[in-house]
Amino acid sequence: MTADAVAIQVTGLSYSYPDGSKALQEVSFQVKRGERVGFVGANGAGKSTLLLHLNGILQGKGVTIVGMAVTKANLKSVRQKVGLVFQNPDDQLFCPTVFEDIAFGLRNLRIPEDEVGRRVRESLRTVGLEGFEKRSAFHLSVGQKKRIALATVLAMQCDILVLDEPTSNLDPRGRREIAALLEQLGGTQVIATHDLALVRKLCSRVIVLREGGIVADGEPRTILNDEAFLRAHDLS
Amino acid sequence: MNHAFLDAHATLDSPLHRLDARLKTVFALCFVVVVVSTPAQAYCAFAGYTVLLLSALVLSRLPVGFVLKRLALVLPFVGAAAIFIPFLPSETVGGGYSLGWGGLAVSRSGMLVFWNILVKALLGAFSVLLLTSTTPFPQLLLGMARLRVPRVLIMITSFAYRYIFVLVDEAQRMARARDSRCYSHRWLWQAPVIGQMIAMLFLRSYERAERVYLAMLARGFDGSLPAEKPGTLAARDCVCACGVSVVVVALRLCAL
């Protein structure tokens with residue numbers, strides 16, 4: 001495989017919390033361009049910690065994004081490539097209006113103001129919430145907030161989407177809408193979730209984490225249908 | 001629950017709502033300064049200011065009851081500050097009125113000081129109230145940004161506005177969870193729970209602040225913020241502001 005076809009390369013990544021507890025131990029995997037990979041695992045398995053490394057929020061050794069090592073020097077370019085959507089939209093949407101929230105990342109990239117306006121409208125249209133620019137994020141439903149949170153990184157036109165629990169706290173309809181949206185968006189996607197149905201529907205590959213290490217990596221069809229395996233790793 | 005308790009009527013439409021946020025902000029601030037600098041005996045000037053604000057209120061189409069209620073919120077603070085003032089010794093100026101019991105006497109100079117505090121607090125609050133209830137909060141922030149208020153201050157204000165709702169919600173959820181387990185507000189031994197809740201709320205806010213910051217970093221935040229472009233003022237707004245300013249200055253000058 002040529003280096004160009006690799007979106008994310010993680011080699012021997014370990015991470016310990018300041019209190020010494022190990023969150024990730026020698027994690028290695030590769031995500032190809034255009035691939036949609038699901039990360040599943042029980043609570044505390046290290047999913048969120050792993051995602052924070054992909055965007056350079058946490059900087060460990062051995063993470064490469066489209067051929068760029070994630071280091072302090074190229075943080076800006078890494079964050080331009082990788083859009084990270086947090087689990088709780090109230091953490092991600094912190095501006096008085098939806099417009100400001102979506103514009104935030106664009107303004108950090110010093111994009112001219114008329115282009116900002118255009119991209120905000122475009123990303124709102126993509127997530128099906130046209131005309132929400134002036135609304136205050138707090139007054140929206142959870143499903144709408146989740147979609148706005150997604151729009152904030154879509155506007156940045158990242159190559160790689162990294163999503164932490166995109167369907168948590170959503171009703172069935174909300175889950176269906178997010179799934180449809182992610183399917184339609186395409187591109188390279190990394191999805192950490194407890195929602196096995198979502199992984200079955202969307203992902204061509206699933207990686208199972210347990211206590212900071214990878215215990216399985218393969219097709220959802222085989223892995224997620226192995227009831228004994230799921231139970232052994234607290235997934236069922 | 002109605003979360004829009006800060007700027008509940010800011011989305012109405014009226015001439016006052018349509019005025020440029022910058023003008024309104026600057027005007028409200030200057031107005032407060034002028035009012036505070038007016039001598040207490042200049043009753044005509046205060047009457048003039050009041051008429052001015054009342055006509056603005058009529059123009060703004062804000063519900064009068066709402067405005068009165070908000071204004072009443074100022075009274076306890078003024079009261080706490082000013083309640084003893086009328087009873088200050090009367091020898092200094094003017095003489096006093098004896099109330100006849102316990103040697104308590106109201107002094108004229110004390111009354112004047114009390115009036116001074118009361119009227120200025122009310123007029124100041126009234127003008128700021130008109131500003132905040134006719135300007136949606138984001139507009140107010142934008143106005144401040146265009147007035148070159150440091151971006152950091154604006155961000156802090158905007159965070160406060162954004163998260164006060166989340167905080168209120170969280171506090172309500174905690175209170176509900178507490179009450180559902182048979183908490184009554186009656187016994188002193190239950191009081192520590194309130195302290196624990198406040199500590200918990202603080203911790204949760206602190207952790208949330210950290211997560212929000214991470215989310216900002218994830219979108220390329222590097223600590224600096226692009227400055228807001230100034231934008232032009234409409235001629236109509238300027239004329240209007242100039243006109244009202246002339247009236248205010250005239251009122252202030254005739255009080256000299």
Side-chain angles (χ1 to χ4, degrees), chain A residues 48 51-59 72 75-114 116 133-140 145 149 152-156 158 162 164, chain B residues 1-8 10-11 21 135-146 151 154-170 173 204-231:
Chain A
S48 297
L51 297 197
L52 291 178
H53 279 92
L54 300 183
N55 182 274
I57 300 276
L58 298 176
Q59 290 155 34
K72 231 183 188 103
L75 269 189
K76 196 146 203 169
S77 345
V78 166
R79 286 174 182 164
Q80 233 170 312
K81 294 273 178 216
V82 181
L84 181 53
V85 183
F86 286 73
Q87 174 178 359
N88 185 346
D90 269 331
D91 295 341
Q92 182 144 5
L93 307 176
F94 50 80
C95 297
T97 64
V98 166
F99 182 95
E100 297 283 316
D101 255 319
I102 302 178
F104 176 78
L106 303 176
R107 287 177 177 156
N108 287 331
L109 296 175
R110 303 291 186 269
I111 286 169
E113 206 51 30
D114 46 342
V116 168
E133 284 93 338
K134 289 201 169 151
R135 302 279 287 271
S136 145
F138 188 75
H139 301 289
L140 306 178
K145 281 191 210 178
T152 62
V153 302
L154 288 183
M156 296 174 75
C158 305
V162 176
D164 196 357
Chain B
M1 185 188 142
N2 179 19
H3 287 293
F5 55 83
L6 287 176
D7 49 359
T11 48
T135 322
F137 204 79
Q139 285 296 315
L140 203 61
L141 290 178
L142 186 67
M144 281 159 66
R146 287 176 165 175
R151 292 286 287 170
I154 293 177
M155 274 209 104
I156 294 173
T157 320
S158 110
F159 279 132
Y161 176 74
R162 169 67 179 84
Y163 285 102
I164 190 144
F165 301 129
V166 178
L167 200 68
V168 167
D169 250 19
E170 203 141 284
R173 278 200 303 272
R204 286 190 191 177
S205 311
Y206 184 82
E207 288 187 340
R208 180 183 298 278
E210 213 149 73
R211 292 198 303 271
V212 170
Y213 182 59
L214 291 186
M216 291 169 74
L217 287 183
R219 279 183 277 161
F221 180 67
D222 55 6
S224 66
L225 291 158
E228 197 64 50
K229 267 184 275 165

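The sequence lines fix the lettering, A, B, ..., with proteins before strands; numbering per chain opens at 1. These numbers come from the heavy atoms of this one structure, side chains and all, not from hydrogens, waters or symmetry mates.
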Return the CG to CG distance between N108(A) and L217(B), rounded to the nearest 0.5 Å.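 That separation rounds to 9.5 Å.
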Rounded distance [0.5 Å steps], CZ in F137(B) versus OG1 in T97(A):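 Those atoms lie 12.0 Å apart.
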Less than 4.5 Å to any heavy atom of chain B: does that hold for the side chain of [X], its backbone, both, or neither?
X       : answer
L93(A)  : both
C95(A)  : backbone
T152(A) : both
I57(A)  : side chain

Shortest non-hydrogen separation from L141(B) to P96(A) and the atoms involved: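 Here L141(B) and P96(A) meet closest at CD1-CG, 3.7 Å.
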Centroid separation Y163(B) to F94(A) less than 6.0 Å: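 Ring centres of F94(A) and Y163(B) not closer than 6.0 Å.
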Can you name the one residue among R162(B), R211(B), R204(B) that meets salt bridge (Lys or Arg N to Asp or Glu O under 4.0 Å) with D90(A)?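 So the option named by the test is R162(B).
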Do the side chains of D101(A) and R219(B) get nearer than 4.5 Å, heavy atoms only?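 They are in side-chain contact.
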Tell me, yes or no, whether the heavy-atom count around K134(A) atom NZ, taken from other residues, nucleotides or ligands under 6.0 Å, exceeds 12.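 Not buried by this count: 12 neighbours or fewer within 6.0 Å.
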